[in-house]
Asker: 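Sharing a structure, written as structure tokens. Questions coming.
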Protein chains: 2
Amino acid sequence: MRHFDHPDLDEVALARALSALGDPVRLAIVRTLSDGGEHQVSEMQVEVSQSTLSHHFTTLRKAGVVFIRPEGTRCWHSLRPEFEQRFPGLLVTVLGLE
Amino acid sequence: MRHFDHPDLDEVALARALSALGDPVRLAIVRTLSDGGEHQVSEMQVEVSQSTLSHHFTTLRKAGVVFIRPEGTRCWHSLRPEFEQRFPGLLVTVLGLE
DNA sequence: ATCGATGTTCGACGTTGATAGATGAAGGCG
DNA sequence: CGCCTTCATCTATCAACGTCGAACATCGAT
């Protein structure tokens, strides 16, 4: 079984969270996930390769932004609710901007 | 006379702004400037060299976060009010977190 | 067992970023 | 004028990041 490490949000620094959000591709990912649902990697509509996309998901996961739930051969990605509690208002504010 | 280029805020992407804020040293700088006043580089209390500090100020300036007003031999740094208009609530939210 | 779908991991490459030391520019002061 | 203060910039080094293709892993289906 595949294993994905999700960090304790208390150990995620603000600078790390901001840095994780500070990339156009990762912002696009977060926007897609912001509907609250679970999404596969293949649903992301960005013009980067699959491996690059996977790398960005890893960055977001290590920053505590996204949660990955493997199911069979697929991976369902969603925003971590704890992120909002750790950094209240941050994601809402960022997603409201462009 | 020294010349400092301050970008048009409309040309600053959200990802760039977040990336600029996504560094511990630069967050400390922004916190110091958040009193609304003008500050010199020497007032910053971070354990990096002066040239590194200057580099971080350049990064913040190019991201539209800070304004530099040279006066004689000194340089007065302050937050750009336009930043709040370009990214409403972002700075307030970030500064309210830790 | 083999195939296909879905992602991850592994080099590799080029770009960017962080850092420090040395240098330079501007002005105040004696 | 020469010296000091202040701080940007230049140069150099090293690490980190974004990107890709290829190889690998996992699982369901055939």
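Source: prediction; values computed, not measured. A, B, ... follow the sequence lines: proteins, then strands. Residue 1 opens every chain. Below, each value reflects all heavy atoms present in this structure, side chains not excepted, and no hydrogens, waters or symmetry copies.
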Asker: With B:Val92, which residues qualify under side chain to side chain contact (heavy atoms under 4.5 Å, CB included), at least two apart?
Answerer: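 Checked B:Val92 against side chain to side chain contact (heavy atoms under 4.5 Å, CB included); matches are B:Glu84.
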Asker: Quick one, A:Arg31 and A:Leu95 - any side-chain contact, counting heavy atoms below 4.5 Å?
Answerer: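 SC-SC contact between A:Arg31 and A:Leu95 confirmed.
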Asker: May I ask you to list the residues of residues 21-35 of chain A, by number, that have any heavy atom positioned under 4.0 Å from an atom of DNA chain C?
Answerer: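 Listed by number, there are none.
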Asker: Using side-chain heavy atoms (C-beta onward) and a distance below 4.5 Å, is B:Ser78 in contact with B:Leu33?
Answerer: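 B:Ser78 does not reach B:Leu33 side chain to side chain.
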Asker: Who passes salt bridge (Lys or Arg N to Asp or Glu O under 4.0 Å) against A:Arg74, sequence neighbours left out?
Answerer: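 None.
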Asker: In Å and rounded to the nearest 0.5 Å, what is the CG to CD distance from B:Leu53 to B:Glu43?
Answerer: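 Rounded to the nearest 0.5 Å, the CG-CD separation comes to 11.0 Å.
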Asker: On DNA chain D, nearest-nucleotide positions of A:Val48 versus A:Ser19: which is more 5'?
Answerer: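 Residue closer to the 5' terminus by nearest nucleotide: A:Ser19.
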Asker: What string of B, S and - do you get for nucleotides 6-12 of chain C, 5' to 3', if B is base contact, S is sugar-phosphate-only contact and - is no contact with any protein heavy atom under 4.0 Å?
Answerer: BBBB---
Asker: Not counting sequence neighbours, which residues clear side-chain hydrogen bond (donor to acceptor under 3.5 Å, both in side chains) with A:Ser51? List them please.
Answerer: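 With neighbours one apart ignored, the set is A:Ser49.
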Asker: Grab the CG-C1' distance between B:Leu60 and D:dA8 for me, whole Å please.
Answerer: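 It works out to 15 Å between those atoms.
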Asker: Taking atom P of C:dA26 as reference, at what distance in whole Å does atom CZ of B:Arg69 sit?
Answerer: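 From B:Arg69 CZ to C:dA26 P: 18 Å.
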Asker: For B:Asp8, what residues pass the side chain to side chain contact (heavy atoms under 4.5 Å, CB included) criterion, not counting sequence neighbours?
Answerer: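 For B:Asp8, the residues satisfying side chain to side chain contact (heavy atoms under 4.5 Å, CB included) (neighbours in sequence not counted) are B:Asp10, B:Glu11.
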Asker: Is there a side-chain contact between B:Phe4 and B:Cys75, using heavy atoms and a 4.5 Å cut-off?
Answerer: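 Result yes, sub-4.5 Å side-chain heavy-atom pair found.
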Asker: Could you tell me whether the phosphate oxygens of D:dT19, OP1 or OP2, come under 4.0 Å of any side-chain nitrogen or oxygen in A:His56?
Answerer: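 Checking D:dT19 against A:His56, a side-chain N or O does come within under 4.0 Å of OP1 or OP2.
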